[in-house]
Structure formats: C-alpha cells, structure tokens
Amino acid sequence: MSSYDFQTIESKWQAEWATKQIYKTTIDHSKPKFYALDMFPYPSGAGLHVGHPLGYIASDIVSRYKRLNGYNVLHPMGFDAFGLPAEQYAIQTGQHPAVTTEENLTRYKEQLNRIGFSYDWDRELRTTDPKYYKWTQWIFIQLFESWYNVKTDKAESIDALITIFENEGNVNIEHNGEETENFTAEGWENKSRQEQEAVLQCYRLAFQKENTVNWCEELGTVLANDEVKNGLSERGGHEVTQKIMKQWYLRITAYADRLLDGLNTIDWSDSIKETQRNWIGKSQGTQIDFRVEISDLRLGGALPNLTSKVTDLKIEVFTTRPDTIFGSTFMVLAPDHELVSQITTNVQRAEIEAYATIANNKSELERKKDKSVSGVFTGAYALHPFTQKKLPIYISEYVLSGYGTGAIMAVPAHDDRDHAFAKKFGIEIIQVISSKDEIDIQKQSYDANYGKLMNSENFDRLTVKEASQAIIQLAEERRFGTKKINYKLRDAGFSRQRYWGEPFPIVHQDGIPTVINELPLELPPVDSYEAKGTTESPLANNAEWVNIPRGRRETDTMPGYAGSSWYFLRYMDPNNDQEFVGKESLEYWNQVDLYIGGTEHATGHLLYSRFWTKFLCDRGHISFDEPFKKLVNQGMIQGESKFIYQVCAERRDPYTIQALPLDAKWLPVFVSAHKLDGIVPKDNTEILNYIRSNFDIPFEVNQVAIRRFRIPSILVDGDKVHTNELTEMWNHHKLEELLPAHFMHKESFSATTEVEKMSKSKFNVVNPDDIADQYGADTLRLYEMFLGPLEDSKPWSTKGIDGTYRFLKKLWALFYDQDGTAQWNDTTASKDSMKTLHKTIKKITDDINAMSLNTSVAQFMICVNELGSQKCQNKTVLEQVLVLLNPFAPHITEELWNAIGNKGFIADATWPAYDEKHLIESSKVYPISINGKTRTNLEFPLDMSKDEIEKNVLANEIVQKWLDGKPPKKVIVVPGRIVNVVM
RNA sequence: GCGGGCGUGGUGAAAUUGGUAGACACGCUAGACUUAGGAUCUAGUGCCUCACGGUGUGAAGGUUCGAGUCCUUUCGCCCGCACCA
C-alpha cells in the first residue's frame, strides 16, 4: 500500500476482529484479571456525540494495554435503556418504548463499533431486558426481606428478625430504621397481621412510607432528590412541587456511616469523595428536650381567666453547638412539625395555619428563590432547660422538617439566620461566646466556633470545646439531652409513576405487600403510556394485569437507577439464568479495577451502587463491599453553539398605518451577530433607532423584539454564516414554525460562538462518525486523547486534528515510502533508535498508569519524529513501537504488524520490556546559571566530582565574563542536574 | 455561605522530589518541491529590542543558591452542595 488508507484498513480489521471474536473474554485462572468499565450510556435518539467516546477511548486504551501486559481483561459495554425520553416519545407516537429503544441502541452500537473498541459484545446487557431485570427485581426482594442490625453492623434476614420478635419482642433489637414502640413477644403475638407488617416496614430495607416527595406534574412522576436540580426536574427541566404520597423507599440511610467510611478505602478523586461526604452530611451534635408551656383559655377549662400550664409536651431540638445554649432566646419549628397544631394557642391559630399552608405548598423552586425572613409566633413558650426562662416558639420556613428534629433552639447571637429572625421579630440577642475582635452582637452574629463562654452561668470562661462537653454531660445527667449524630442523607425514593421501568414484584394483599417470586415479572402491554392527572402509573390502566386473585399488584415501577445500581456485576456472567452472577465469575472478576465516567453521577448512581454492593455483601451474595476500586472522571466535551440575532419588527400597513393581521404582523429578520453585539443589552428604543437607520427594511417599523437566536453550528464556518443554507432551513420550517425570514447583511453574515453542553436541542452536536469518515477512527482516538487531560472539560474543536492525522501518516512513512516500497529490514538498530524506543517505552508505560494519555500521544509524536530523522528501518524497533501504539490506534498498528510479517493479532503481542541501559548517558549537558539565570551550557561526565565541575565552570569564559573578576560567593552543583553560581 | 478545582504564548497544552518555563501539536511567517493541492519537506515563531540584553506562569509579598511548583495575602473563573441548626 503506498499511502495510509484508513478507510480500507479500519473496516477490514473491524470485520476481522468481529469474525475471529478476538475480544471474547472467558475466565482464565492462569492469568491475572483486570476489569475496566465505562459508565454505560442511555441510548437517546440523538446518537453518540464526540463527548461520549472520550472516556470510552481512555478505558479502551487501558484495557488493551493491560491485555498486552498479560492480563485477562473484562471490558464490556451495555445500555441503560429504561427511562423517560423513550416513554415521552411513546406518549406522543403510541409506539412502544421498546421499539424506539431498540432503534437507538442499534445506532449506538454501530457508532461505537466504528471507533474500534475492544468490547466483548457477547456480554452486552440492557437494563430493559427481562432476563436482566429479573435480577433487578430479585435484588429488590432481597432488600425487602432484610433489615439493618446495628449490633452486627450489617443487613440481616427479616425472617430471623420475626423469629426474635416471636421469642422476645424487640427490646433487645437495635436497628437503623424508623423508630418503633417497644413490644414483648406477647405484644407481637397480639398484633394483627397488618399491625405486624406496619412494624416490619420500620425495619425492612425496602419499605413503603407516606412522605413528602418531589412531584413532577409534567412528567407525572415522583423524583429522587438527586434527580431534582435547582428545583427543576433534571430531565426536561419541569417544575417540581412537594406532595405527600405513599412511596417505596430504600433504606440507604442505614448505610450512611459505612458509605462514609468506605470512601477512605477507594481510589476516587477528592472532589467526588467530598461531594459524597457532603451529600451524606454527617454532623455530630446534641439532642436537647425543651418542655412546652402553653398559656391559653383552652387549657383553663371552665375558668374564665387566662391560665398557663406547663405541659408534658417536649420539643426535641438538634444542635451542633450545645455550648451556645445560654444564648438561646427563642425556638423555631418547621411549619409542618407534628407539634405545631397542638401547641398553637387559639389566638394564634388562624395566622399559624395560613402561614403553614402557604409554606407547605410552595414548590421547590419557590422555596429556593425566596430567602426572605418570615415566621409566625405560636403563642406557646418553651422552658429553657438550664435557666427556666420562657422562650417564645415560632414556626418558620427556614427550619426544615426533613433535617434533625425539624425544630431548633435559636441562638441569634451565634447564628446568622437566627440573628436575622430575631432582628425582624424584635427578640433579645445575648452573646455567650466572646470573640477576639470587637463586634456589635446586635448588628451581626458571631458564628465562629472558637472563643470563651460568657453569660453562661457556671460555664463562663470555658472554651467552646470544653463547654460543649460540660453542657452535654450535665444535660445527660439531668436527662434532657443526649449526644446525637445526624445525616443529611435521606432514604431513597424508589417508586416512579411511569410505565418504562422495572415492575415491582409485589402484590398488595389486604393492605400487606407480599412478594412475587416468579421472576421476571414482565411489563404488561398497556393501551396508553399516559396516566395524566392521576398519581398512578400507566400500569394501573391495565386492570386485568393489576387485579389478580392474590390481590392488587403494585403499579409503580422502579426508578432509572435500579438497573444501573448493579449492572457491573452482571457483566461478569451476563447469561446466567440461575443466579444474578455465578460464584466463580464473582470470585474471579471481583471488583471493577477501573471505572470511567462523568461527574454527573456523583451523588446518584455512584452512591446507590455502593449501597447495593454493601447490601449484597452483607447478605453473603458477593464478597466485596465497594464496587469500584478506582474511579476516573472524564471531563465534558462541550459544543460550540452559534448565535445570530433575530429581530421581530412589527409590521404596519403603510397606507392605513394599522398593524397588520397577526400572521403578517411580526416579521422576523435575522441580523448578523457583529452588527448587534454590544448593542443588544441596551433598551429597545435604541435598538429600534439603530434598526431604522442602519437597515433597509421595506416597511414601517414601530416596535422590535430582539433575541439571540441559536443556529446549527454546521451552517457556520469560523464565524461566517452560510446564509443560503440558513434561509433554506428556515423556509422549510426546520428551525421554527414562523414566517419566512428576511436576512440582513448577506455579504458578511457572522455568528458569535458560545461554549455550552453538547446537545441536540442546542444544534451544536458533533458526530464522531463524521470525524471517522474524514480522518479515520485512529485519528479520532488519538485526537480525543491529545486534546488535554482526561479529567478536564473542554470545548470540541477540530482545530489541530490535522496534527494527529499527520502523525499517523508519518508513522506510515516509516514503513512505506511514497511508492509503497517496504522500508523495514533486519539491519541493526542505531544506538539513537534504541534510545528513542526505550525512552518511549518508559514514558508510555508511566503515562498510561497515571492516566496521562495526552502526554503519551505527544511522546509517540516525538518517537516517530526521531525515528524518522534517524532513518530507522530496524524491524524490531518499528515492531515494538507498533505494540506501544496499539492501545491508542488499534487499526493502523494491526495493519502494519501484519504487513511486516507477523501472524495473528497484535492484541496478542507482548508489551515491550523497558531496559534502562539504552538511556544511560556518560555525560550531561549542565545548564550553568549565574544567580539562578541560565547563561550557558557545559557538558561534563556524569561521574565527575562536584569540585571538578566547579573548577571547570569557574574557568569557563562566559562564566568569567559574568563574574566580571569578582569571586563567586557560592557555587551550587547538583550532580546530574544544574550548576548555579552565586555572586 | 461551605466544599472541590483552576488561572502558563495567538490557540490546545507540557514541566518528576523546587533545578534550562512553554515539550508536543494547532496557527502564523519565510523558503523548497510542484501541470496552484486543504499534499509533503526545511527553517523560524513567548513578549520587548536591529542587537547586546531585558522581561515573562492572574496580582502583591515571603522562604530558597534557585519558585509555575512551597507559604501568606489578594483578584478572577469553573464545578458541586446549600436556610443542614
């Protein structure tokens, strides 16, 4: 072959690899294993864009590298295919989501295969496949039939727990679940089945509970906390409101501590670990009881006068600052705190109820936006446990029912939010911690947790730390307080009111959820994928399926993260229909050695997977309790969106000066970006004047509406817009259903660029197929790696892709000259070539281990440049370079490997051994600096003594010139590195 | 507010434990070859300066023989979490 014909080469070898199944993986106990995994994609209708393969290429490089180093590598790929987009599409078209999913998936696979990944497609899995979700349902059942035993610190069987209840009640049980009343064996026996189940629900790791949930009306489903971003649904960006519903939950909170501790044992980035720690949100503090005093006619009974009574009611508060308790001057409850209605006095009732109603019905978004200080007095007072002072009790939105106890002791002097509240309601502010700097506590709170106590009776002059301990101790002695740990982490909502998800293997029988053991429980057909206006899933539409002799089936389905929480296990043994994974496979493949994916799953998928893994480990199904040993987060490849301006000018009839009928009234005009950039943020009158005077609009313009208008990036070259094609797209209603547009400034119509997330709706998607067509998959692979560090986000740009393409052509030229004559032979390699080769072996090996793949590519370029100028024709050297490059550019290396006479596949070759002897130098060119600035270079033997070097350096004429006759103060000689003369 | 990260040429970026800042590319300039090609090759390219030389890693200090790297202060940007008591 005379020139590098990537098209022929790539399709040839891809076909060859597939037929010979060279990436098929089986257990081989004679080899060490390596499990490299990518976060599997959701196959959307938009297809892959150039951002997807970034991580896939990196994991493929590592996989191929490990294989060349003698590892048995598991490198699978699959699809996370349950989810909303397919279902939304089904709602619009009536087409079954399985059909669209299948189509998208086929396209994804085609695109992936073009890039030359070493996947074992026999292990492909899809979360939507009943053979797969059979085991998702099975794991759910295991969760349902387990509880968390605090004494053994692990999940155990619920049947064993029932036996304990039957024998001794629950007095000796400590569990990580809902609080329950104590009962004896007899008490248990006396309960009805429903009552017993209600108790068990407090223990089970999969359970139902009535709770405030994130409800998204537009999507018709409940969402988990991590699926809500800034008060809007992550998918689609729809409004989310709070609603009380009965839902399935997974008791992830039982694992809070272990999820936290486990982070110390895994090799993940600090930022992801920190995000998870943050999300779990452990805080140590104190729970303190405040008794309630109510002054009310109601309690006075027949007596007409106002009566005050100290009640038995206690308000429990959680605080991390028990040391500030003497500064507490009021209390605040969450508006939906359970004691609110009991303690509210008649006088205050109307106001309290009005406030609570508004607060409880606010959407997530409204709540986040509104940070103003508000609240209402309940009329009740709490008694300070130390001073017995009466503290007014308020309700306010700034106290959340979901965290701690939903009640706080407010310390305005030392908490910013309490301070703001106290100022607004005129409540006393008492400083109890002294600050170093002079501050006016009436104006500003002092939130720092250091200083000495004041105004705190016997505790004065203790430090914050000492006082905390002393106060907790006293509180415990007097039995009104105790140490307490709180978490921000909430139990994970597991119900979705959707069709396209795993059905729960549950039948409700007389109000008792019971398990269906015949799995898989397949999704039944339904007439409509919609159940708008109800809070039920579309499955409820199929009455025949729902109502069975045993009872009523659960109609909710599982959330998207169900299938993805354990998929990495299934790859080990994807076709097993007896077990979720066979024991031998589990033992052999074990943990994922390298997991690559985006940071967007930091608190969702990555936390749930860890939770499921720990659970499965507890119940003896697997032997490890962290799923992913090493995690690498690839950065996002962003797209470059192109904008021009659209001016809608109001058109008036020139004769009647009347506005024209609606359809002809607004005439959209596109304006080149360079005409309006910098003008647009100003007011409309100015723009109107500008438009009138600078543009030739063939009618009277009285009003304009102007906006930035995103156009497909393919219509832009640099910043130049192809107006003809834009006109065409516009006229064919491909952009928006509007009137034909008039274009302005056709001659030099420009667009501005903005970097955004790559997405179909932003018209900025770059398809890897296009790159593969133009340059080939090997160039694409190298280029994506060369772009910069894997973890960094960067905008996609094809600037520079020529460099990597040229590199491959230069590589080719080492093997064939322009006429296609073979260049390699068996003459001995030069010393320089051996040096180049071994330098490269070392650098590439180190770089792959450090995941520094961009610098690897640079080293390959150096290597090929050097071998080129050395005119290296040595077959062995060239061959070893091919092996080194193979993980990065599998096609061209396979082709050349075969061309020079090797049988079989380069994937089965051996990674070249690094031999330091080729790099050993006898001398070193020392940079000679004077006062730290390099002035010259001098070569000395490496074994020359420091004194000898110093002598030689000082004798040098350039050094002499700089010294200017003065003696040097000091000469620093660092052998093998540098010489610095200080004067 | 809290947590994590980042600031280096015209551009993407390199730089082990502190040891020649800008590797490798893109782009640009000049040249060569050529029945003008977006091909290939050669040379140059941080900035200022004809040059000697000076200067240079967001800014200001500090430690050091020597700082992109360590310390302090400060400015700017990105990401995550957030009335979390």
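It should be emphasised that the depicted structure is a prediction, and the values quoted were computed from it without experimental measurement.
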_I need the full list of salt bridge (charged side-chain N to carboxylate O under 4.0 Å, His left out) pairs touching residues 798-808 of chain A, with sequence neighbours left out, sorted by first then second residue._
none
*asked:* Strictly distance-based, threshold 3.5 Å: is any side-chain N or O of A:K484 a donor or acceptor partner for the main-chain N or O of A:Q287?
replied: no
_Ring of A:W279, cation from A:R610 - is the NZ or CZ under 6.0 Å from the centre and inside 45° of the axis?_
no
_Pairwise C1' distance for B:C47 and B:G56, with rounding to whole Å_ = 7 Å
*asked:* Test your reading of the model: is there a side-chain donor-acceptor pair from A:Q7 to the backbone of A:G776, 3.5 Å cut-off?
replied: no
*Expressed in angstrom and rounded to an integer, what is the separation of A:E397 atom CD from B:A82 atom P?*
17 Å
*Give every residue pair that meets the ring-ring contact (aromatic ring centres under 6.0 Å, His included) criterion with at least one member in residues 850-870 of chain A, sequence neighbours excluded.*
A:F860-A:F888
*Length of the CG-P vector between A:L607 and B:C81, whole Å*: 13 Å
*Taking CD from A:E600 and P from B:C81, how many angstroms apart are they, rounded to a whole number?*
12 Å
*Members of residues 403-414 of chain A that approach RNA chain B, where some heavy atom sits under 4.0 Å away*: A:Y403, A:I408
*If we ignore angles and hydrogens, is there a donor and acceptor under 3.5 Å between the side chains of A:D491 and A:T253?*
yes
_Value in whole Å for how far the P atom of B:C78 lies from CE of A:M636_ = 13 Å
*Could you state the CG-P distance from A:N278 to B:C81, rounded to the nearest angstrom?*
9 Å
*Is B:A85 paired to anything, Watson-Crick or G-U wobble with both distances less than 3.5 Å, and if yes, which nucleotide?*
none
_side-chain contact (heavy atoms from CB on, under 4.5 Å) evaluation trace for A:F326 with A:I430_ = CA-CA 8 Å; A:F326 287 91; A:I430 307 170; over 6 Å; no
*Would you kindly give the OH-to-C1' distance between A:Y805 and B:C24, to the nearest whole Å?*
20 Å
*Just call it for A:K970: base, sugar-phosphate, or nothing, with non-hydrogen atoms closer than 4.0 Å on any strand.*
sugar-phosphate
Would you tabulate the pairs of protein nitrogen or oxygen atoms and nucleotide nitrogen or oxygen atoms of nucleotides 52-55 of chain B closer than 3.5 angstrom?
from: B:G54; atom 1: OP2; to: A:R935; atom 2: NH1; distance (Å): 3.0

Between the protein and nucleotides 7-13 of chain B, are there any N/O to N/O pairs under 3.5 Å, and if so, what are the atom names and distances?
from: B:G12; atom 1: O2'; to: A:L787; atom 2: O; distance (Å): 2.6

*Taking atom P in both B:G10 and B:U42, compute the distance separating them and give it to the nearest angstrom.*
27 Å
*Whom does B:A21 pair with, Watson-Crick or G-U wobble, provided both distances fall under 3.5 Å?*
none
*For A:N980, report the nucleic acid contact type (base, sugar-phosphate, nothing); a contact means any heavy atom under 4.0 Å.*
base
*Of the candidate nucleotides B:C65, B:G4, B:U20, which contains the atom at the shortest distance from the side chain of A:I972?*
B:C65
_Proximity to the side chain of A:L400 - top-ranked nucleotide from B:U20, B:A23, B:A85_ = B:A85
*asked:* If we count only N and O atoms by modelled type, under 3.5 Å, do the side chains of A:Q870 and A:T836 hold a donor and an acceptor together?
replied: yes
_Under the ring pair (Phe, Tyr, Trp, His ring centres under 6.0 Å) test, residues paired with A:Y403 that sit two or more places apart_ = none
_From CG of A:N931 over to P of B:C65, roughly how many Å is that when rounded to an integer?_
12 Å
*asked:* Please give me the minimum heavy-atom distance between A:A256 and A:I280, naming the atom from each residue.
replied: O-CG2, 3.9 Å
*Least distance between heavy atoms, A:N633 atom then A:G598 atom*: ND2-O, 3.6 Å
*More than 12 foreign heavy atoms under 6.0 Å from NZ of A:K842: is that the case here?*
no
*When the distance from NZ of A:K282 to C1' of B:A85 is rounded to whole Å, what number comes out?*
18 Å
*Considering only atom C1', compute the distance from B:C78 to B:U29 and round it to an integer number of Å.*
36 Å
